[in-house]
Amino acid sequence: MGICGLLLFALSASAAELLTASESVSLLRKMGTAARSLNYSGVYVYQHADVMETFRLVHAFDASGEQERRESLDGVRREFVRTNDQIVCYSAEARPFLLDRRAANKFFPGVMPDQAADVLSNYAFKRLDTERVAGHECQSILMEPRDKLRHPHKLCVEPNSGLLLKSTMYTTGRREPLEQFAFTQLEIGGPINKQLLKPTLAGKVPPPAPAVAAKPQTPSPAATEVQFVAENLPGGFRLVKEATSQMPGKALPVAHYLYSDGMATVSVFIEPASNGPVSLPLTQGTLNFYSRQIDGWRITALGEVPLRTVQLFTQAYSPR
């Protein structure tokens with residue numbers, strides 16, 4: 001976005017109409033319902049930093065639920081085939097594997113959260129001008145953070161269906177684009193040919209191994225001999241997952257805490273400092289990393305949030 005574009009964005013944001021809480025909730029629900037329960041197909045572009053990827057997407061909904069297939073059109077061929085919350089990733093160069101069910105909420109255009117209350121506590125919704133995306137009129141909405149601990153987002157929603165057509169995440173303050181999803185071609189509604197939902201790479205690589213129930217993991221004494229307490233955590237984030245597991249390349253188990261503000265997530269990892277070297281850039285794409293050591297332990301936080309936010313997460317944890 002050039003200087004003129006930034007100025008226009010700033011002017012439109014300052015003159016934006018603030019949505020009420022009920023209007024914001026209604027918008028979130030409409031967007032979520034549209035992404036899940038509509039038939040649509042098209043091509044979208046994902047851009048972050050200097051990287052741009054193009055995907056073809058086919059999504060269908062019927063009595064059995066959601067079915068979806070998206071394939072990469074750049075670089076190594078990849079396919080993501082979804083049946084409700086189960087997503088299998090196929091690649092021309094590797095075995096298929098299952099993605100965590102949380103990934104289903106991160107795939108454009110279904111990037112809206114289920115917990116609207118968390119989002120409304122941390123972001124104000126403002127109505128901007130209308131735009132035109134992939135031949136469709138859409139209503140622009142600014143998600144303005146209520147503090148500097150998270151990034152602003154600009155959404156463009158097709159007003160009749162509620163389908164998200166474009167999503168942009170900006171840096172805090174300057175509002176330079178960090179990440180963007182946008183349809184370049186899109187058909188909404190109508191029947192979907194079921195053949196378009198089937199993977200084309202499934203027969204070219206070995207099938208995924210049958211799912212095996214994970215055995216309960218017993219953390220080693222090294223992972224539990226010291227208890228950590230979190231105080232003065234960044235506001236607006238809620239703990240949604242806590243686990244201790246053996247991670248690849250690590251000699252000892254690692255504790256993992258996952259936080260969410262309804263839109264962004266932050267992961268905190270705690271491990272012995274002797275658990276192998278760590279080399280983290282402060283920024284990698286849209287992710288910010290921060291790591292510190294205390295009393296022989298390493299605390300690392302990462303997330304699609306400003307660097308100051310991940311710093312605060314690492315500083316909040318200390319041994320009891």
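Owing to the predicted nature of the structure, the values given are computational and were not obtained by experimental measurement.
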Ion pair check, Glu66 and Arg82, cut-off under 4.0 Å: yes

N/O donor-acceptor pair under 3.5 Å between Asp129 side chain and Ser140 backbone: no

Closest non-hydrogen atom pair, Ala124 against Leu18: CB-CD1, 4.0 Å

Whether over 12 other heavy atoms sit under 6.0 Å from Asn193 CG: yes

Smallest separation among heavy atoms of Ile294 and Pro319, with atom names: CD1-CD, 3.8 Å

Heavy-atom side-chain proximity of Leu186 to Leu165 below 4.5 angstrom: yes

Glu271/Lys250 under salt bridge (Lys or Arg N to Asp or Glu O under 4.0 Å): CA gap, chis, key distance, verdict: CA-CA 9 Å; Glu271 60 185 313; Lys250 300 293 185 179; 3.2 Å; yes

Salt bridge present between Lys126 and Glu17 (N-O < 4.0 angstrom): no

Verdict with reasoning, Cys156 to Glu131, per side chain to side chain contact (heavy atoms under 4.5 Å, CB included): CA-CA 8 Å; Cys156 206; Glu131 296 184 30; 3.9 Å; yes

Donor-acceptor pair, side chain of Lys30 and main chain of Pro159, under 3.5 angstrom: yes

Within 6.0 angstrom of Lys194 NZ, more than 12 heavy atoms from elsewhere: yes

Check: Leu57 and Phe183 side chains under 4.5 Å, non-hydrogen atoms: yes

Same cluster (ILVMFWY, side-chain, under 4.5 Å), Val157 and Phe125: yes

Main-chain N/O of Leu178 paired with His48 side-chain donor or acceptor, under 3.5 Å: no

Working for side-chain hydrogen bond (donor to acceptor under 3.5 Å, both in side chains), residues Glu304 and Thr286: CA-CA 6 Å; Glu304 290 186 327; Thr286 59; 2.6 Å; yes

ILVMFWY network linking Leu120 to Met263, side-chain heavy atoms under 4.5 angstrom: yes

Closest non-hydrogen atom pair, Val305 against Asn288: O-ND2, 2.8 Å

Check: Tyr46 and Phe108 side chains under 4.5 Å, non-hydrogen atoms: no

Gap separating the OG atom of Ser41 from the CG atom of Leu197, nearest 0.5 angstrom: 10.0 Å

Salt bridge Arg78-Glu71, side-chain N to carboxylate O under 4.0 Å: no

Side-chain donor or acceptor of Ser22 paired with backbone N/O of Ser26 under 3.5 Å: no

Pair Glu158-Glu137, side chain to side chain contact (heavy atoms under 4.5 Å, CB included): steps then yes or no: CA-CA 6 Å; Glu158 202 283 316; Glu137 297 293 330; 6.0 Å; no

Ala230 versus Tyr259, closest heavy-atom pair with distance: CB-OH, 4.4 Å

Heavy-atom pair of closest approach, residues Phe80 and Cys89: CE2-SG, 3.5 Å

Pairwise side-chain contact, Val45 with Glu53, heavy-atom cut-off 4.5 Å (strictly under): no

Gln47 vs Glu179, side chain to side chain contact (heavy atoms under 4.5 Å, CB included): CA-CA, chis, key distance, verdict: CA-CA 6 Å; Gln47 186 169 10; Glu179 175 185 76; over 6 Å; no

Nearest non-hydrogen partners of Gly262 and Ser260, listed with the distance: N-OG, 2.9 Å

Distance-only donor-acceptor check, side chains Thr54 and Asp74, under 3.5 Å: yes

Exam field: side chain Glu23 to backbone Thr20, donor-acceptor pair closer than 3.5 Å: yes

Test side chain to side chain contact (heavy atoms under 4.5 Å, CB included) applied to His256 and Ser267, step by step: CA-CA 7 Å; His256 176 209; Ser267 285; 2.9 Å; yes

Point-to-point distance, once rounded to the nearest 0.5 Å, from NZ of Lys198 to CD of Gln195: 4.0 Å

Side chain proximity check, Arg127 to Leu19, heavy atoms < 4.5 angstrom: yes

Side chain proximity check, Leu155 to Met143, heavy atoms < 4.5 angstrom: yes

Close side-chain approach of Tyr40 to Glu187, heavy-atom, < 4.5 Å: no

ILVMFWY cluster, Val268 and Leu233 together (side-chain gap under 4.5 Å): yes

Salt-bridge present (Asp261, Arg238; N to O < 4.0 Å): no

Derivation and outcome, side-chain hydrogen bond (donor to acceptor under 3.5 Å, both in side chains), residues Gln67 and Thr83: CA-CA 5 Å; Gln67 300 170 69; Thr83 303; 5.8 Å; no

Geometric class of the Phe181/Tyr44 ring pair [parallel <30°, tilted 30-60°, perpendicular >60°]: tilted

Among Leu302, Val310, Thr300, Thr314, the one residue meeting side chain to side chain contact (heavy atoms under 4.5 Å, CB included) with Ser291: Thr300

Heavy-atom side-chain proximity of Arg150 to Thr309 below 4.5 angstrom: no

Pairing of Arg146 and Glu144 as salt bridge, 4.0 angstrom limit: no

Ala273 backbone acceptor or donor facing Arg298 side chain under 3.5 Å: yes

Distance-only donor-acceptor check, side chains Thr200 and Arg77, under 3.5 Å: yes

ring-ring contact (aromatic ring centres under 6.0 Å, His included) partner of Tyr257, chosen from Tyr317, Phe313, Phe228, Phe237: Tyr317

Main-chain N/O of Ala316 paired with Asn232 side-chain donor or acceptor, under 3.5 Å: no

